[in-house]
Structure formats: structure tokens, C-alpha cells
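Some notes on the structure that comes next.
Counting starts at 1 for both ligands and their atoms, following the listed order.
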Amino acid sequence: MLSSAEILIVGAGFYGATLAERIATKLGKRVLVIDRRQHIGGNAYTEQDPVTGVEVHRYGPHLFHTSNEEVWNYLQNFTGFTSYRHRAFSTYRDKVYPLPINLATICQFFGKRLSPDEARSLIAEQASELGDRSPSNLEEKAISLVGRPLYEAFIKGYTAKQWQTDPRELPTQIIARLPVRYTFDEGYFNDRFQGQPLDGYTAIFEKMLAHDFIETRLGVDFFDIKASLPEGLPVVYTGPIDRYFDYCEGELGWRTIDIEMEVMDTPDYQGTAIMNYADETVPYTRVTEFRHFNPERSYKSGRTLIGREYSRFARRADEPYYPIDTRKDQEIYRRYLARAADEANLHLGGRLGTYRYLDMHQAIGAALKAFETVFEPYFEGKPGSLSRPA
Ligand code: FAD
Ligand code: UDP
């Protein structure tokens, strides 16, 4: 089956597809891409919902944003982008507030008009319990950013539902993803480049993989073919790292999401794409109404599709979505990395392969970097290990 392939890429998500495209286009090498799912695109996969005609993000809502010009320019080869700018809201005790936390959220929450300076000093006072200590976990980081009252309203309950892990055990980076602003700018992301792909995410992957030197086989699990691979064939693996090593160093903590899709008998269910629910008494974390990601499209159906997200710990048979990354996880991960370094033909990449909370632009950026620093030299016959991190 692999007679002519010069490299095997496991996983047709952004990391695998970017590397496949670069290796085929720039180096003229034959690439075999496999995915155990029946479609390309990994977790960014989208398709048209047959009932409403809306583009649905099967594995949860995906918003493209980056400040990395190289990644942005690279993607222009495969898609244009709409002018969509993401805004989100949070429902807390039956009231709706804008997210991320900005001057409008602060004024509304405290029920008074505050200038940026007044809001800053109010939050500084409410964050003062940390003293001079620099925050060492999610809870401390959140309090340092927004003070305890806003933390308890908008972050504590949501994070408890999303992670089911003591926020004092979670890394600070999770919350550092969200901006906090002392202006009325309500955009969710700060990045220079933002938008949704004109024809959806899957169309990007179709173009990336449409190269004569790339063969894509779907419904193929790497572990079913591993034993029959030609000796020495380089392998890029973008599945979960603990699964690759058959969990020999222990299981890493992952979260997965169950999305309850429902067609609602109204053209507009919530007036926005994403509504978060901060109260712990509401069992889901957020509701996505997919049609709002594409306000430029018109739909004939008078109905709309929504998805409610329920987060839980992933078991082995589940799709792992989010690395939990507690201190214990970090130790286990280090042991797997040491094992990977001993495998000369193996390159681990992507969100699951490197156990990192990567956004799409970061997965693409990491693949572009790996292409330059690892794969170009490798195929030009320069010594160096494939396992060297990009
Ligand atoms: P994946 O897309 O996960 O691809 C890995 C592929 O490997 C999968 O298709 C899998 O089936 C395949 N695979 C695994 N094991 C095997 C095996 N044994 N054999 C064969 N194939 C295998 N990013 C953003 O930038 N913006 C967002 O708004 C955003 N929202 C997100 C929301 C959710 C709910 C989730 C889960 C992620 C979100 N992301 C978002 C992150 C985004 O999904 C990732 O950055 C991106 O998918 C990473 O690409 P990847 O190639 O590393 O991994
Ligand atoms: N978060 C929160 N309240 C919210 C939104 C986010 O507490 O209303 C926290 C939560 O811990 C979450 C993290 O911020 O995991 C990152 O949020 P983001 O929206 O980036 O999550 P993702 O898109 O990865 O699901």
C-alpha cells in the first residue's frame, strides 16, 4: 500500500495537511496522508447541515484569527476570508454581558458608569489579595486580571464546567488566552487578521491536499497499519502522544466535548453566534448558533441549527480535544518526549501530538516552521533527527 510514498502523515488536520502540502509542493516528494475519520480537516471540519443549509462545525465552533503574517499569507493560497469579527456574550444569573471582559462588562456588572481609569483602579483594588505574588495557576491569574467578583461571576463556574479540575491546578495560559480591556471594544480577539473562510473550513483542506503527489486515505487507523510499514519510512503523527506509546508512561488528561445539535423552529434563536453560560447550574458551557458565523449568506430555511456543548473527561475511546496539562500531566508528557527522541523516523506534531492547546493558526505556524527546520534539511540529506521539535 505504501510502495511509492516517501513519507506517511497520520492525521488530516491543519498540522498534517500543511506539512503534506509543503512537502509535496516544495520538495516534490510523494506523501501519503491517512486519517481514521471518514473526512479531512481534523477538528476544524465543517459541512452543510442537510436540514437548514447552514455550515456546521461538527467538532465545535472555529473562528480564525492570527497576527502571524506568514500563516495568513500562506492560507491565501487556499481560501479568501469574510470580514467576520467575532463577538461573544455571557449569560450570568439571567442577565447578558459582553465578553471578553471589557469596559461595558465592568460598567454593567457594577451598575455604574466608570471611566477607563476608574475601572482600572477598581479592578486593581479587587485583585490586590494576591499582593506581590505572581500568579501561578488559573485562579490566581484570573483574579490578577479581573479581580475576585468578576472572576466568581464569569470565570469560576464556566471553568468548573469546562475543566472539572480545581482552577488552582490549571495552568495560567488557559485564561491568558482571553483579553481584558478597559475600552468599549467588544471584539473577542486582538489579532490583526480575522475572518471566516469564504467556502468553509473543509474547502481549505480539499485545496491543500489536491496535489498529484498527495494521496489521502480516510477511515484508516495508523495502529492498524503500523506493523506493515516499510522500515525507515518517516512518519508524522498528529494523534494523541500517549496513545502512540500505548500509554506506557500513564494516561494524559484530556477533555472532550459532547455537542447536542438541535434544529430550532425559528430563523434566529439567540441573535449571536456564541452565548456562554457562566452559572454552574446550567449544565452546558455555551450554545453556538452556526448561521451567525456567515451573516453574508442567505438561507431559504426558516429554521436554525444550534449546538449545546457539554464538557467532560475523555476516556480512551473518546476524541481528545483539550489537554488539561496539570503538573502531573506535564511530568508524564516529558517522559513521552524522551521516548520520542529515541525514534529516529518519528515526528510528533499538532495539538494532540505535542499536548498543547494550539489554535489553528498556531498549528499551521508550527507546521510551516517544522517544514523549514526539520523536513527540508531531512529530505536534502542533511543529518538531524525528525523528532527535533519545531
Ligand atoms: P486535529 O485537527 O485534531 O487533527 C488530528 C487528526 O489526526 C484528526 O483528524 C484525527 O482523526 C487524526 N488521528 C488521530 N489519531 C489517528 C490515528 N491513530 N490514525 C489516523 N488518524 C488519526 N482553533 C482556533 O484557531 N479557533 C477556534 O475558534 C477554535 N475552536 C476550537 C473549538 C473546539 C471545540 C476545539 C476542540 C478546538 C478548537 N480550536 C480552535 C483548535 C483547532 O481545532 C486546532 O488548532 C486544530 O484542529 C489543530 O490541528 P491538528 O492538525 O493539530 O489536530
Ligand atoms: N472562560 C471562562 N468564561 C467564559 C469564557 C472562557 O471562564 O465565558 C475561560 C475557560 O477556562 C476557558 C478559557 O477561558 O477554558 C479559554 O476560553 P476560550 O473561549 O478561549 O475557550 P475555547 O475556545 O478554547 O473553548
Side-chain angles (χ1 to χ4, degrees), residues 8-19 33-45 57-66 71 86 88-92 97 99-101 105 138-139 141-142 146 150-151 153-163 165 167 170 173-179 188-189 191 194 196 201 205 217-226 236-241 243-244 254-257 259 274-278 285-286 288 293 307 309 311 319-322 348-354 356-367:
L8 171 66
I9 297 188
V10 181
F14 267 119
Y15 193 88
T18 302
L19 264 185
V33 178
I34 60 167
D35 203 297
R36 66 178 176 187
R37 292 174 176 168
Q38 292 296 348
H39 59 74
I40 54 177
N43 282 347
Y45 172 72
H57 302 201
R58 279 288 162 215
Y59 301 92
H62 278 67
L63 293 317
F64 191 80
H65 58 100
T66 187
V71 168
H86 189 52
F89 297 87
S90 179
T91 296
Y92 170 65
Y97 299 86
L99 277 186
I101 292 172
T105 326
L138 187 152
E139 178 168 292
K141 180 75 185 173
V146 297
L150 287 165
Y151 164 72
F154 297 111
I155 296 171
K156 196 175 174 193
Y158 188 96
T159 300
K161 290 190 282 184
Q162 174 77 353
W163 297 95
T165 301
L170 290 169
Q173 300 91 281
I174 292 180
I175 201 69
R177 289 164 58 84
L178 297 185
Y188 202 66
F189 304 112
D191 287 306
Q194 302 182 33
Q196 290 293 58
Y201 285 95
F205 292 90
R217 294 193 191 173
L218 300 174
V220 179
D221 192 312
F222 173 65
F223 298 102
D224 293 338
I225 61 160
K226 190 171 181 233
V236 174
Y237 173 84
T238 70
I241 184 171
R243 169 69 185 99
Y244 183 90
W254 301 93
R255 301 289 293 168
T256 194
I257 291 177
I259 306 179
I274 297 186
M275 176 64 74
N276 288 4
Y277 286 84
T285 50
R286 59 185 178 184
T288 300
F293 288 136
E309 290 181 32
S311 170
E319 292 290 349
Y321 278 6
Y322 295 94
L348 294 165
R351 197 181 231 220
L352 308 174
T354 57
R356 276 187 297 159
Y357 196 160
L358 298 180
D359 275 331
M360 294 181 279
H361 66 104
Q362 294 166 318
I364 297 165

| Which of the ligand 1 atoms, numbered from 1, are nearer than 4.0 Å to a heavy atom of G42 | 2 (O), 4 (O), 9 (O)
| field | Interfacing atoms of ligand 1 (cut-off 4.0 Å, heavy-atom, G239) | value | 14 (C), 15 (N)
| said: Within the 4.0 Å heavy-atom shell around G11, which atoms of ligand 1 are there? | reply: 6 (C), 7 (O), 12 (C)
| said: Nearest non-hydrogen contact with atom 30 (N) of ligand 1 belongs to which option: G353, A366, P61? | reply: P61
| task | May I ask you to identify the nearest protein heavy atom to atom 35 (C) of ligand 1, giving residue, atom name and distance to one decimal place in Å? | result | R351 NH1, 3.9 Å
| said: Quick check on atom 53 (O) of ligand 1 - does any protein heavy atom sit closer than 4.0 Å to it? | reply: no
| remark: For atom 49 (O) of ligand 1, the closest protein heavy atom turns out to be F14 N, 3.7 Å
| Y45 six-ring face occupied by R37 cation (under 6.0 Å, within 45°) | no
| Of the protein's non-hydrogen atoms, which lies at the shortest distance from atom 3 (O) of ligand 1, and what is that distance? | N43 ND2, 3.6 Å
| query | Can you list the atoms of ligand 1 that are under 4.0 Å from a heavy atom of G350? | reply | 52 (O)
| message | When you compare ligand 1 with Y15, is there at least one nitrogen or oxygen pair between them that comes in under 3.5 angstrom? | response | yes
| field | Interfacing atoms of ligand 1 (cut-off 4.0 Å, heavy-atom, F223) | value | 18 (N)
| said: So, 4.0 Å and heavy atoms of Y322: is ligand 1 close enough to count as a contact? | reply: yes
| task | Would you mind running through ligand 1 and noting each atom that sits below 4.0 Å from a heavy atom of L63? | result | 24 (C), 25 (O), 26 (N), 27 (C), 28 (O)
| field | Row check, F189 ring normal vs R177 NZ/CZ: under 6.0 Å, within 45° | value | no
| query | At a 4.0 Å threshold, what atoms of ligand 1 neighbour a non-hydrogen atom of L358? | reply | 41 (C), 44 (C), 45 (O)
| task | Return the protein residues near ligand 2 (heavy atom under 4.0 Å from any of its atoms), ordered by chain and residue number. | result | L99, F154, I155, Y158, T159, Q162, W163, I174, I175, R177, L178, Y188, N276, R286, Y322, Y357
| task | Quick one: list whatever passes side-chain contact (heavy atoms from CB on, under 4.5 Å) with L352, sequence neighbours left out. | result | P240, W254, P320
| task | Give yes if a backbone or side-chain nitrogen or oxygen of H361 is under 3.5 Å from a nitrogen or oxygen of ligand 1, and no if not. | result | no
| L352 N/O under 3.5 Å from ligand 1 N/O | no
| So, does V220 sit close enough to ligand 1 that a heavy atom of it is under 4.0 Å from the ligand? | yes
| field | Per-atom contacts of ligand 1 with M360, taking only distances under 4.0 Å to non-hydrogen atoms | value | 23 (N), 24 (C), 25 (O), 26 (N), 42 (C), 45 (O)
| query | Centres of the H57 and F293 rings: under 6.0 Å? | reply | yes
| task | Mind listing the closest non-hydrogen atom pair of P61 and T288 along with its distance? | result | CG-OG1, 3.4 Å
| task | Return yes or no for this condition: an N or O of H65 is under 3.5 Å from an N or O of ligand 1. | result | no
| How far is atom 4 (O) of ligand 1 from its nearest protein heavy atom, and which residue and atom name does that atom have? | G13 CA, 3.7 Å
